[in-house]
Peer 1: 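After the structure tokens below, expect a handful of questions from me.
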Amino acid sequence: YYKNYKNLSTIDSDIKLYKKIDKYKNVIFLIWDKKLAIRTRKICRIKSPIKVISPTLNYKEKILKKISYSVKKEVKLLFIGINPDIKGLKYLIKAIKSKEFRKYDFKLSVVTKSTSFKNSKKITFYHNISEKFKHKLLKDCDIFILPTTAETFGYSILEAISYKCSIITTNFYPLNNFCKNNYNGYLVKNKSSKDIKKALLQLLKDKKKIELQKKRSFNIYKEKFGQEFFLGKIKKLSAEIKSGKVK
């Protein structure tokens with residue numbers, strides 16, 4: 001099915017493929033979110049069983065566990081968004097250029113495809129980085145900021161919480177699955193530099209709060225998206241299949 005799926009790009013094609021797969025015997029659809037599962041069944045009129053299983057990351061979790069929660073003198077900020085317009089980069093840059101940030105010791109790393117931005121004392125831009133270097137940036141990161149205007153799953157946020165980052169992101173589904181406001185980060189209004197500035201200033205003023213939010217992010221990852229949790233879901237599904245209880 002994946003070979004067919006790679007050649008399909010539109011929503012109509014996705015629906016057509018789902019309906020085609022649904023006609024086969026002994027099919028189980030694995031969908032990462034309950035709301036999406038309900039929507040998929042309704043739109044595609046799926047009759048096969050649907051199980052909700054959130055994805056996990058293909059990392060060595062032993063490495064993730066060793067990452068420190070402590071924040072150094074220079075606070076590390078990170079933005080990763082290939083399309084800067086959709087991912088809200090201009091709202092982040094506008095916020096950081098406010099004079100209130102001049103007295104704080106921080107460094108923002110930006111990973112994007114656009115080369116129109118210039119480096120400054122506070123901001124460094126990267127393009128076409130390797131996967132290895134991306135993981136280095138995540139490992140060093142204290143606060144991951146993604147004020148995106150649109151998102152499907154939020155995989156980059158999932159990566160960030162697995163790397164023990166405090167989060168600042170837009171307040172809409174599904175990103176609020178990964179970031180709980182004033183718990184492991186802050187949820188901001190869409191296209192609001194003012195909200196980004198307010199959230200970031202609260203953290204830069206209090207490094208202990210950053211460290212607490214970093215711990216909470218990793219707890220959310222382990223409890224809802226970790227490999228052990230994922231494996232438990234798969235084992236449970238396997239047992240249901242063997243016993244004939246899948247509905």
Side-chain angles (χ1 to χ4, degrees), residues 1-59 61 80-89 111-113 128 131 134 144 146-162 167 169-180 187 189-191 217 220-247:
Y1 304 135
Y2 178 67
K3 289 180 180 179
N4 293 331
Y5 184 78
K6 284 196 297 185
N7 298 319
L8 302 173
S9 58
T10 67
I11 293 174
D12 289 339
S13 296
D14 288 348
I15 294 172
K16 185 178 179 181
L17 178 63
Y18 276 44
K19 286 181 177 180
K20 181 179 179 180
I21 295 171
D22 192 40
K23 291 179 181 178
Y24 287 87
K25 293 182 180 180
N26 302 321
V27 169
I28 300 172
F29 285 84
L30 303 182
I31 297 179
W32 62 268
D33 179 80
K34 187 176 180 180
K35 289 183 180 179
L36 183 60
I38 293 170
R39 191 186 311 162
T40 303
R41 184 180 291 283
K42 183 178 180 180
I43 293 173
C44 302
R45 298 177 182 177
I46 291 174
K47 296 178 181 178
S48 300
I50 296 178
K51 291 294 180 180
V52 177
I53 298 182
S54 297
T56 189
L57 299 173
N58 188 27
Y59 301 161
E61 286 194 345
I80 299 178
I82 301 304
N83 189 319
D85 294 329
I86 293 176
K87 300 303 180 181
L89 178 58
V111 180
T112 186
K113 71 175 181 180
N128 301 319
E131 193 72 8
K134 182 188 77 171
F144 186 87
L146 188 70
T148 180
T149 61
E151 199 70 38
T152 50
F153 172 66
Y155 191 82
S156 59
I157 302 287
L158 176 58
E159 285 186 317
I161 64 171
S162 78
I167 305 295
T169 193
T170 320
N171 187 13
F172 59 71
Y173 168 85
L175 300 183
N176 45 25
N177 284 334
F178 309 108
C179 179
K180 305 300 178 184
L187 294 168
K189 293 179 182 177
N190 195 17
K191 301 179 181 180
S217 280
I220 290 174
Y221 168 73
K222 285 190 299 182
E223 292 171 7
K224 295 185 177 181
F225 305 97
Q227 292 173 3
E228 188 175 335
F229 178 79
F230 177 81
L231 184 59
K233 285 274 191 178
I234 294 296
K235 285 182 177 179
K236 183 179 179 182
L237 175 59
S238 178
E240 289 177 359
I241 292 171
K242 289 179 180 178
S243 64
K245 292 182 180 180
V246 177
K247 296 180 182 179

Peer 1: Measure the CD1-CD1 distance between I53 and I234 for me, rounded to the nearest 0.5 Å.
Peer 2: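 Rounded to the nearest 0.5 Å, the CD1-CD1 separation comes to 4.0 Å.
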Peer 1: Keeping T170 on the side-chain end and T148 on the backbone end, is there a donor-acceptor pair under 3.5 Å?
Peer 2: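 Present.
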Peer 1: Could you go through the side chain to side chain contact (heavy atoms under 4.5 Å, CB included) check for C44 and D22 one step at a time?
Peer 2: CA-CA 9 Å; C44 302; D22 192 40; over 6 Å; no
Peer 1: E151 vs L146, test: side chain to side chain contact (heavy atoms under 4.5 Å, CB included). Steps then yes/no.
Peer 2: CA-CA 10 Å; E151 199 70 38; L146 188 70; 4.1 Å; yes
Peer 1: For the side chain of S162 and the backbone of E159, is there at least one donor-acceptor N/O pair under 3.5 Å apart?
Peer 2: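 Flag set: sc S162 to bb E159 pair under 3.5 Å.
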Peer 1: With a 4.5 Å heavy-atom cut-off, do I80 and F144 have their side chains touching?
Peer 2: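 Yes, at least one pair of side-chain atoms sits under 4.5 Å.
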Peer 1: Measure across G154 and L175 and return the closest heavy-atom pair with its distance rounded to 0.1 Å.
Peer 2: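 G154 and L175 have their closest heavy atoms at CA-CD2, 3.9 Å.
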Peer 1: What pair of heavy atoms forms the shortest contact from F229 to E223, and how long is it?
Peer 2: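 Of all heavy-atom pairs spanning F229 and E223, the closest is CD1-O, 3.3 Å.
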Peer 1: Working to the nearest 0.5 angstrom, can you tell me the gap between I38 CD1 and I43 CD1?
Peer 2: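 Taking CD1 in I38 and CD1 in I43, the distance rounds to 12.0 Å.
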Peer 1: Do you know which two heavy atoms are closest between P55 and L158, and how far apart they sit?
Peer 2: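 Nearest heavy atoms, P55 then L158: O-CD2, 4.3 Å.
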Peer 1: Are any side-chain N or O atoms of T112 and backbone N or O atoms of I82, one a donor and one an acceptor, separated by less than 3.5 Å?
Peer 2: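 Checked: pair present.
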Peer 1: Can you name the closest pair of heavy atoms from V27 and I21 and give their distance?
Peer 2: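 Smallest heavy-atom distance, with atoms named: CG2-O, 3.6 Å.
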Peer 1: Below 4.5 Å, heavy atoms only, C-beta onward: do D33 and F153 meet side chain to side chain?
Peer 2: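 In short, these two side chains do not touch, never coming nearer than 4.5 Å.
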Peer 1: Working note: Y155 + F178, criterion ring pair (Phe, Tyr, Trp, His ring centres under 6.0 Å); need CA distance, chi angles, decisive distance, verdict.
Peer 2: CA-CA 10 Å; Y155 191 82; F178 309 108; 9.2 Å; no
Peer 1: Hey, does the side chain of K180 reach the backbone of N176 with a donor-acceptor pair shorter than 3.5 angstrom?
Peer 2: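 Side chain of K180 to backbone of N176, a donor-acceptor pair under 3.5 Å: yes, one is there.
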Peer 1: Nearest 0.5 angstrom please: K47 NZ to K19 NZ, how far?
Peer 2: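 These two atoms lie 11.0 Å from each other.
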Peer 1: Taking the side chain from Q227 and the backbone from Y59, do they hold a donor-acceptor pair closer than 3.5 Å?
Peer 2: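 Yes, the answer is positive, given that a donor and an acceptor are paired below the 3.5 Å cut-off.
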Peer 1: Rounded to the nearest 0.5 Å, what separation is found between the CD1 atom of I28 and the CD atom of E240?
Peer 2: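 It comes to 8.5 Å.
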Peer 1: Calculate, to the nearest 0.5 Å, the distance between atoms NZ and NZ belonging to K113 and K87 respectively.
Peer 2: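 NZ of K87 is found 11.5 Å from NZ of K113.
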Peer 1: Within this structure, what is the OH-CZ distance for the pair Y18 and R41, rounded to the nearest 0.5 Å?
Peer 2: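 Y18 OH to R41 CZ: 12.5 Å, rounded to 0.5 Å.
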Peer 1: State whether the number of non-hydrogen atoms from other residues, nucleotides or ligands found under 6.0 Å of K134 atom NZ is greater than 12.
Peer 2: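 Yes - once you tally the heavy atoms of other residues, nucleotides and ligands closer than 6.0 Å, there are more than 12.
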Peer 1: Compare every heavy atom of C179 with every heavy atom of L187, then report the nearest pair and how far apart it is.
Peer 2: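 Looking at all heavy atoms of both residues, the closest pair is CD1-O, 3.6 Å.
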Peer 1: Kindly give the heavy-atom pair with the smallest separation between G88 and P147, and that separation in Å.
Peer 2: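 For G88 and P147, the tightest heavy-atom pair comes out as O-CG, 3.3 Å.
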Peer 1: Is a side-chain N or O of S54 found less than 3.5 angstrom from the main chain of F225, in a donor-acceptor match?
Peer 2: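 No; zero donor-acceptor contacts below 3.5 Å.
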